[in-house]
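Worksheet: the structure to be examined is printed underneath.
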Amino acid sequence: DQAYRKTPLITFLEERNRADPGMYRVLARPKDLIPPNDGDIFRLSTVLGYRSSMLIAYFDLLSRDWSLSSQALDQVGARYVVTDKPSEGLTLLSSFNGLLLYERPAARAVFRWNGSSDQEASGTIGLVKWQRNGVILEVATNQPSKLTFAETNYPGWHVRINGVATAIDSRWPHFMSVTVPSGTSTVQWSYHPWWLIPGMCCWLLGAVMLTAMKLCTYDTGNGPRAGV
């Protein structure tokens with residue numbers, strides 16, 4: 001079987017995600033009920049996956065409470081839960097070949113306004129367009145407001161508001177947050193770590209040197225010999 005075949009469960013989750021692109025995440029418990037890093041293949045987002053590293057702040061947030069009613073899961077936008085056992089307190093949406101899909105109504109959106117209730121009510125979040133290593137969204141607010149992206153503030157993330165580079169609030173240990181001016185704005189988050197270009201150059205240089213060494217070895221071992 002294909003590891004990443006498109007099952008009825010995946011199709012259902014993609015349809016849910018299409019209504020609110022990237023605004024909520026999927027949690028599998030246990031996590032091997034769906035293939036790891038499904039979000040890299042299908043149009044959905046997951047809480048956990050296989051990566052080379054995870055910020056300790058993000059792990060600490062999740063490990064406060066691993067239960068399905070955890071407020072930490074609310075904070076990361078875990079709205080959908082895939083499990084193989086009945087779970088009380090959650091809304092059952094459907095079942096797929098023995099897997100149960102629940103909804104967590106208390107989950108907060110991945111993109112949201114933070115601040116007083118008046119500030120949160122004054123802002124709207126419109127079109128969200130995901131890109132490779134980035135996301136663009138259209139927002140509007142009638143007063144300067146704090147916009148939060150529930151993604152770990154890993155070194156290499158940058159944000160622009162209406163094309164102008166803007167500092168990410170470093171006081172937030174878990175997620176990224178920026179202050180958006182009043183009016184309509186285009187907010188663009190992008191992930192470009194400083195070491196990416198130097199790393200690619202080093203890799204390319206190493207590949208060229210390795211190829212040259214192999215060619216030199218081939219010429220030395222197979223070329224004509226004097227006196228033969």
Side-chain angles (χ1 to χ4, degrees), residues 2-7 9-28 31 34-55 57-59 61-62 75-80 82 107-112 124-140 147-170 172 174-178 180 184-208:
Q2 282 183 287
Y4 289 96
R5 67 183 185 280
K6 194 169 187 177
T7 64
L9 170 61
I10 296 298
T11 300
F12 186 92
L13 290 171
E14 282 191 320
E15 291 174 353
R16 284 291 178 126
N17 183 71
R18 193 174 296 114
D20 296 297
M23 295 295 280
Y24 297 98
R25 293 188 169 109
V26 181
L27 173 70
K31 65 180 182 180
I34 59 176
N37 298 349
D38 260 2
D40 294 341
I41 308 298
F42 305 110
R43 295 183 180 276
L44 54 89
S45 301
T46 57
V47 174
L48 296 172
Y50 292 160
R51 292 290 187 271
S52 60
S53 60
M54 176 189 295
L55 286 184
Y58 185 68
F59 178 80
L61 174 65
L62 293 177
Q75 293 295 315
V76 300
R79 185 166 185 172
Y80 304 105
V82 179
R108 304 191 66 189
V110 171
F111 297 101
R112 55 183 182 259
T124 59
I125 298 176
L127 179 66
V128 177
K129 184 179 181 181
W130 289 87
Q131 301 175 322
R132 183 179 294 275
N133 292 335
V135 60
I136 300 175
L137 58 155
E138 304 293 334
V139 302
L147 178 68
T148 293
F149 178 16
E151 180 71 37
T152 51
N153 191 2
Y154 202 84
W157 277 104
H158 306 276
V159 62
R160 290 180 174 271
I161 300 177
N162 298 323
V164 179
T166 305
I168 297 174
D169 191 343
S170 59
W172 289 65
H174 305 122
F175 306 134
M176 295 183 287
S177 182
V178 292
V180 178
T184 301
S185 300
T186 300
V187 183
Q188 180 179 14
W189 266 282
S190 57
Y191 181 68
H192 298 293
W194 68 266
W195 44 261
L196 180 61
I197 300 301
M200 293 178 63
C201 292
C202 290
W203 176 87
L204 182 60
L205 178 61
V208 171

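Applying the side chain to side chain donor-acceptor pair (under 3.5 Å) criterion to T11, with sequence neighbours excluded, gives no partner residue. For V110, the side-chain contact (heavy atoms from CB on, under 4.5 Å) partners are R25, F149, A150, not counting sequence neighbours. A search for salt bridge (Lys or Arg N to Asp or Glu O under 4.0 Å) contacts involving R112 returns nothing, not counting sequence neighbours. Listed by chain and residue number, N153, W157, V159, M176, V178, W189 satisfy the side-chain contact (heavy atoms from CB on, under 4.5 Å) test with I168 (two or more places apart in sequence, or in another chain). Looking at residues two or more places apart in sequence or on another chain, you find a side-chain contact (heavy atoms from CB on, under 4.5 Å) between T186 and I136, E138, N162. Judged as a side-chain contact (heavy atoms from CB on, under 4.5 Å), and not counting sequence neighbours, the contacts of R43 are E14, N17. Evaluation of the ring-ring contact (aromatic ring centres under 6.0 Å, His included) rule for F42 yields no partner, not counting sequence neighbours.
Contact of the V135 side chain with the F111 side chain is registered, since non-hydrogen atoms from C-beta on lie closer than 4.5 Å. I34 has its side chain out of reach of L13: every pair of non-hydrogen atoms, C-beta onward, lies at least 4.5 Å apart. The shortest distance between side-chain heavy atoms of R79 and M23 does not fall below 4.5 Å. Looking at heavy atoms from C-beta onward, V76 lies out of side-chain contact with L27 at the 4.5 angstrom threshold. Considering only heavy atoms from C-beta on, Y191 comes within 4.5 Å of Y154 through its side chain.
Heavy-atom minimum distance, G22 versus W130: CA-NE1, 3.3 Å. Here the closest heavy-atom approach between residue P21 and residue V128 is recorded as O-CG1, 3.6 Å. In this structure, A78 and A107 approach most closely via the heavy-atom pair O-CB, 3.5 Å.
S190 OG to R160 CZ: the interatomic distance, rounded to the nearest 0.5 Å, is 7.5 Å. Taken to the nearest 0.5 Å, the CD1 atom of I125 stands 5.5 Å off from the CG atom of L147. L44 contributes atom CG, which lies 13.5 Å from atom CZ of R16 (distance to the nearest 0.5 angstrom).
A donor-acceptor contact shorter than 3.5 Å links the side chain of T166 to the backbone of V164. The backbone N or O of A165 sits nowhere less than 3.5 Å from a side-chain atom of H158 that would complete a donor-acceptor pair.
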Before giving the answer on side chain to side chain contact (heavy atoms under 4.5 Å, CB included), spell out for L62 and L48 the whole-Å C-alpha distance, their side-chain angles and the decisive distance to 0.1 Å.
CA-CA 10 Å; L62 293 177; L48 296 172; 3.8 Å; yes
